[in-house]
Enquirer: 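Got a structure for you, written out below as structure tokens; questions coming shortly.
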There are 2 protein chains.
Amino acid sequence: MRVPAGRLHGLYVIVDPETADPLPLAAAVIRGGARVLQLRDKRNPAGASLRLAEAIGEVARRSGVLFIVNDRVDIALAAGADGVHLGQHDLPVAAARAIAGDRLIIGCSTNTVEEARRAVADGADYLGVGAMFPTRSKSDTRPAGIARLREIRAAVDLPIVAIGGITAANAAEVVAAGADMIAVISAIASASDPEMAARTLAAVVEATR
Amino acid sequence: MRVPAGRLHGLYVIVDPETADPLPLAAAVIRGGARVLQLRDKRNPAGASLRLAEAIGEVARRSGVLFIVNDRVDIALAAGADGVHLGQHDLPVAAARAIAGDRLIIGCSTNTVEEARRAVADGADYLGVGAMFPTRSKSDTRPAGIARLREIRAAVDLPIVAIGGITAANAAEVVAAGADMIAVISAIASASDPEMAARTLAAVVEATR
């Protein structure tokens with residue numbers, strides 16, 4: 001898929017059924033200004049995960065928000081999602097591209113300049129870079145702070161979503177270092193008012209760009 | 001994929017890294033006469049699962065044995081497998097067919113005549129029927145014994161693989177009731193000599209047909 005011009009920027013919210021009920025959360029953060037939604041679902045079997053993806057995708061589409069499925073190329077395709085996001089332990093970007101052709105935006109989590117360059121060469125459409133700061137959302141994250149983000153920004157041209165421990169207090173610093181998008185899970189899922197939390201973060205990103 | 005004529009019959013062995021080292025086991029059961037291999041891998045992340053699927057697929061292809069990947073249509077496609085096997089909680093058969101077109105044989109686990117008829121209507125190439133007998137390999141199995149196998153056999157024309165608690169002692173009864181293939185995990189993975197266990201089971205199936 002040719003990435004829709006200008007749509008890979010702003011607040012990128014990951015919804016995960018382990019953390020919060022995904023559908024109401026998706027609706028709230030869209031109202032709050034999220035531009036991209038990712039469903040990360042390691043809990044449900046594929047059939048239930050597909051139904052959840054279809055429901056979230058419908059909400060996203062109605063609002064002009066991009067919808068990305070984590071890890072599973074098959075579920076992303078079956079749900080008619082805009083894209084798939086792949087970690088370093090998921091299917092390789094090139095394999096996903098061979099399956100999906102231009103039907104999906106493909107994002108790839110990277111941690112080093114080398115991984116970022118490989119993802120570009122393999123055909124990724126955007127890069128994840130993190131973890132920017134310590135986080136409790138994922139136990140397997142490797143650190144990649146502001147300095148690493150700047151290195152990767154200087155090395156590649158693709159849109160970058162920074163992830164890991166980003167809050168309203170540090171989001172401006174992350175955007176100033178070169179991130180096009182900031183991704184959050186905990187900062188919004190754990191907020192007493194997720195819509196307001198999204199609105200605050202989205203405003204920081206927009207103000208800094 | 002048009003199912004290769006006459007290849008969906010005989011001994012169908014499921015290899016699972018939770019149960020035994022898959023690659024040596026695959027080689028042993030192929031020597032023992034298995035005609036179909038399925039990789040069921042709920043343990044590894046997708047990248048490692050793809051590498052395992054590629055390795056087993058290579059062994060199977062060299063021997064003219066069909067290779068099926070459980071659950072993940074994307075890994076089956078990326079590995080160049082012959083097919084994918086879907087449970088009732090996995091992606092729906094119709095969704096898998098929409099993604100894979102004719103590139104994959106699609107198998108579907110069924111437990112009732114109704115599920116079997118739906119799988120046929122949705123485009124499955126073969127049906128799994130079970131659990132025939134009590135088994136410890138899967139905790140979520142519903143029973144579907146010899147009588148149910150006969151009902152499904154009478155209702156649909158697709159090749160059937162019977163699964164669940166099948167051993168050399170009861171395999172003939174299962175084939176006589178209409179199964180084209182018998183699937184085993186524990187009966188082979190737990191055997192002191194998996195090749196001999198496969199040879200014995202394969203002989204029972206071939207003798208009964």
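Since the structure is predicted, the reported quantities are computational estimates derived from the model, not experimental observations. Every chain is numbered from 1, with letters handed out A, B, ... down the list of sequences.
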Enquirer: If you count the non-hydrogen atoms of other residues, nucleotides and ligands that lie under 6.0 Å from CG in B:Asp157, is the total more than 12?
Expert: no
Enquirer: List for me each residue that meets salt bridge (charged side-chain N to carboxylate O under 4.0 Å, His left out) alongside B:Glu54, sequence neighbours excluded, and say none if there are none.
Expert: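 Partners of B:Glu54 by the salt bridge (charged side-chain N to carboxylate O under 4.0 Å, His left out) criterion come out as none, since no residue qualifies.
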Enquirer: When you compare the side chain of B:Leu50 with that of A:Pro92, does any pair of heavy atoms fall below 4.5 Å?
Expert: yes
Enquirer: If only atom types and distance count, is the side chain of B:Asp74 paired as donor or acceptor with the main-chain N or O of A:Val73 below 3.5 Å?
Expert: yes
Enquirer: Given side chains that start at C-beta, do those of A:Arg72 and B:Asp71 come closer than 4.5 Å, heavy atoms only?
Expert: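 Answer yes - side chains close enough.
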Enquirer: Answer yes or no: are there more than 12 heavy-atom neighbours, outside B:Arg51 itself, under 6.0 Å from its atom CZ?
Expert: no
Enquirer: Could you report the tightest heavy-atom contact between A:Ala46 and B:Leu91, atom names first, then the distance?
Expert: CB-N, 3.8 Å
